[in-house]
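In what follows, a single structure is set out as structure tokens and then discussed.
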Number of protein chains: 2
Amino acid sequence: MLNYSISEENYLKAIYHLQKTDGTVSTNELAKELNTKPASITDMMKKLKAKKLLNYQPYRGFRLNAYGTKVALTIIRRHRLWEFFLAQKLKFSWDEVHEVAEELEHVSNKKLIDRLDEFLGFPRVDPHGDPIPDVNGKIEVSKKINITELPLHTAGTVASISDQSSEILELLEHRNITIGTKIEVNKKFEFDNSMEIKIGRQAAFTISEQLAKNIFVDHAK
Amino acid sequence: MLNYSISEENYLKAIYHLQKTDGTVSTNELAKELNTKPASITDMMKKLKAKKLLNYQPYRGFRLNAYGTKVALTIIRRHRLWEFFLAQKLKFSWDEVHEVAEELEHVSNKKLIDRLDEFLGFPRVDPHGDPIPDVNGKIEVSKKINITELPLHTAGTVASISDQSSEILELLEHRNITIGTKIEVNKKFEFDNSMEIKIGRQAAFTISEQLAKNIFVDHAK
DNA sequence: AAATAAATTTAGGCAAACCTAAAAATTATA
DNA sequence: TATAATTTTTAGGTTTGCCTAAATTTATTT
């Protein structure tokens, strides 16, 4: 696998993430994601196409090919392993890791990343609950699990709420919990099975077992 | 402290290292060190002077000022902490760490470096035996110590040999040990106080207590 | 299907960091 | 000290990755 510039790596990563939802990515979409102008995107798409990382037809959007996807996944692997390292070993909080990992991810030494992976005990998910691609670029598809099964200090993205009553929604609204909210469990109390959770950088608060049992989150493995 | 580009950081670091020996650094000297052409050096010196990092008079060489030195020391701090991390935590060998640290050193998040320092237990010297600047940029002056006092797996640079006989020099020559050679102690044997040492990437070998007692190395603290 | 709006691309520029070749300053030498 | 050799700087280019403004293509309306 060849080496790519920091800009190229950021483009590949952004395209990978945008592709997930849409089938193809548009110039404006990517420009917005990368905080650049559409003209810059067109420039770079020509380069990445020339380097055989993606399929691109003028005016028709673009999509990573198999090789481009593989490169994107190694970058995501680096990013998530560093996030895990920062949270686990350097005691960075959940919401601080991303920014630092954005820089570390561009250090491309393969042995470094594989040794780091080993040092960390081959973690499967990063501190946000997103799956970490393995040495071969294989990435686990995330599954829904109940928040009560979520490991401590590992975020999950709220994917569904089983009870649909207005009572529970009132409570969730009050707590600022909706689909897409990232939740991290701080503590579980055996006495009443209540748990202390945290959302983003807000102060932690406690929720009852009843409520917890209704919250499902996306989580790899 | 402001942020500098990777190139600027590499220039500052190189000037710092060259300054140590000479009083002032010349264009050609720096060009050789950085594998660039003299014209590129002149370009960059103008920029670094404009940014108040060094003193520079055309045709008269250059030298970091107090601020430039401080910046250089934070880069060296990052580099050596990462080297320590790579050797100690990721089991990289002595001669592999430098190259990887050259990349990691440009990640400039201060909290990252200070937390890493703490995580590593505030090490004083890197795996090559060079001192690591502290949070405030203070760097210990290296002192000579006998190789028998050198901690295991930490390199020291041969600074002097106390015995000056031709017999010892013959032995040292055979072993490829001269002033400037970097030595790492692998093991010490209590039985006869002999020790197994390693030079660069050569295979390790054993030396007697008598010989060891005559080898002094530069080593911080 | 024309006209208008929106998205995308092209054209031409800019700054950073490098380069080569030529000019200028400094240093060494006859 | 004048000339030669060396060092350094200047002048003018190149590539990467970005920009603005204008042109073009595609999509949406009427």
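Numbered from 1 within each chain, the chains take letters A, B, ... in sequence-line order.
- The side chain to side chain donor-acceptor pair (under 3.5 Å) search around B:E96 returns A:K111, B:S93, not counting sequence neighbours.
- The aromatic rings of B:W82 and A:W82 stand perpendicular to each other, their planes meeting at an angle above 60°, with 30° marking the opposite boundary.
- Applying the side chain to side chain donor-acceptor pair (under 3.5 Å) test to B:N55 and every residue at least two apart in sequence or in another chain returns nothing.
- In this structure, A:T42 reaches the bases: a heavy-atom distance under 4.0 Å links it to at least one base atom across the strands shown.
- Under the salt bridge (Lys or Arg N to Asp or Glu O under 4.0 Å) criterion, B:E9 pairs with B:R78, not counting sequence neighbours.
- For B:R60, the salt bridge (Lys or Arg N to Asp or Glu O under 4.0 Å) criterion is met by no residue, not counting sequence neighbours.
- With sequence neighbours excluded, no residue satisfies side-chain contact (heavy atoms from CB on, under 4.5 Å) with B:D43.
- Considering only residues two or more places apart in sequence or on other chains, B:R80 meets the salt bridge (Lys or Arg N to Asp or Glu O under 4.0 Å) condition with B:D126.
- Under the side chain to side chain donor-acceptor pair (under 3.5 Å) criterion, B:Y4 pairs with B:Y67, not counting sequence neighbours.
- Here C:dA17 presents its P atom at 14 Å from CG of B:L30, a figure rounded to the nearest Å.
- Aromatic ring centres of A:F122 and A:F84: separated by at least 6.0 Å.
- Under 4.0 angstrom from either OP1 or OP2 of C:dT9 there lies no side-chain N or O belonging to A:R60.
- Mapping heavy-atom proximity under 4.0 Å, the span of DNA chain D touched by chain A runs 5' to 3' from D:dT16 to D:dA27.
- Remark: A:T27 pairs with no residue by the side chain to side chain donor-acceptor pair (under 3.5 Å) rule, at least two apart or across chains.
- Remark: B:E105 pairs with B:K13 by the salt bridge (Lys or Arg N to Asp or Glu O under 4.0 Å) rule, at least two apart or across chains.
- A residue-by-residue look at B:N28 and A:I6 shows that B:N28 has its nearest nucleotide of DNA chain D further toward the 5' end.
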Between the protein and nucleotides 19-22 of chain C, are there any N/O to N/O pairs under 3.5 Å, and if so, what are the atom names and distances?
unit_1: C:dC19; atom_1: OP2; unit_2: B:K37; atom_2: N; d: 3.0
unit_1: C:dC19; atom_1: OP2; unit_2: B:S40; atom_2: OG; d: 2.5

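- Within residues 51-59 of chain A, the residues that have a heavy atom under 4.0 Å from DNA chain D are, in order of number, A:Y59.
- Atom NZ of B:K46 and atom P of C:dA17 are 15 Å apart (whole Å).
- Applying the 4.0 Å criterion to OP1 and OP2 of C:dC18, one finds that B:S7 has a side-chain N or O inside that range.
- Whole-Å rounding puts the B:I41 CD1 to C:dC18 C1' distance at 11 Å.
- Among the protein residues, B:F62 comes within range of no part of the nucleic acid, since none of its heavy atoms lies under 4.0 Å from any strand.
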